[in-house]
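As structure tokens, the structure follows; a few thoughts come after it.
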Amino acid sequence: MGIGKGKYLFGICKVGEKGQIVIPKDARKVFDIKPGDSLVLFGDEKKGLALVKTEVFNGVAESIMGDSND
């Protein structure tokens, strides 16, 4: 469900006994998450958790750090 431009509420996930969650199908579709993809998990004790695809995180990190060949 869209809750604003580019913002979504995908529903509720339950955490299994091994700490695993299932990312809802609609979320996987919107964010192009496929089996085998790697995600970076961020946490803030006051704001919660966030998942970001590794290639997105790497792109942000590269733009912050600049070209390592400098």
Side-chain angles (χ1 to χ4, degrees):
M1 163 173 59
I3 57 173
K5 184 174 174 129
K7 299 182 186 291
Y8 300 87
L9 174 63
F10 292 108
I12 296 172
C13 301
K14 287 193 178 184
V15 179
E17 291 182 25
K18 295 182 180 181
Q20 298 169 320
I21 63 166
V22 174
I23 300 170
K25 181 179 180 179
D26 289 342
R28 295 191 313 264
K29 182 178 178 183
V30 168
F31 292 100
D32 193 32
I33 298 171
K34 296 181 175 58
D37 284 350
S38 293
L39 304 173
V40 178
L41 177 64
F42 293 96
D44 180 298
E45 290 183 0
K46 293 182 181 177
K47 295 182 181 179
L49 300 172
L51 291 170
V52 178
K53 288 182 78 171
T54 302
E55 55 267 21
V56 172
F57 173 76
N58 289 343
V60 171
E62 286 174 8
S63 69
I64 292 170
M65 302 301 288
D67 188 354
S68 62
N69 294 325
D70 287 346

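All values below come from the heavy atoms of this structure, side chains included, with hydrogens, waters and symmetry mates left out.
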Show me the donor-acceptor pairs within less than 3.5 Å that the side chains of residues 41-51 make with the rest of the protein, sequence neighbours left out.
{"residue": "Asp44", "atom": "OD1", "partner": "Lys46", "partner atom": "N", "Å": "2.8"}
{"residue": "Asp44", "atom": "OD1", "partner": "Lys47", "partner atom": "N", "Å": "2.9"}

(request) Determine, step by step, whether Val30 and Phe10 satisfy the side-chain contact (heavy atoms from CB on, under 4.5 Å) criterion, reporting the C-alpha distance in whole Å, the side-chain angles of both residues, the deciding distance to 0.1 Å, and the verdict. (result) CA-CA 10 Å; Val30 168; Phe10 292 108; 4.3 Å; yes

(request) Group every Ile, Leu, Val, Met, Phe, Trp and Tyr by side-chain heavy-atom contacts under 4.5 Å, then state whether Tyr8 and Ile33 land in the same group. (result)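 As far as the 4.5 Å side-chain criterion goes, Ile33 and Tyr8 are connected within one cluster.
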
(message) By the salt bridge (charged side-chain N to carboxylate O under 4.0 Å, His left out) test, which pairs, at least two apart or in different chains, include something from residues 27-36?
(response) Asp32-Lys34

(message) So which atom in Ile21 and which in Cys13 form the shortest heavy-atom distance, rounded to 0.1 Å?
(response)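 Shortest heavy-atom contact: CB-CB, 4.3 Å.
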
(message) Tell me every residue that passes side chain to side chain contact (heavy atoms under 4.5 Å, CB included) with Val60, counting only those two or more places apart in sequence or in another chain.
(response) Ile64

(message) Tell me whether Thr54 contacts the main-chain N or O of Ser38 through its side chain, where contact means a donor paired with an acceptor under 3.5 Å.
(response)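 Side chain of Thr54 to backbone of Ser38, a donor-acceptor pair under 3.5 Å: yes, one is there.
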
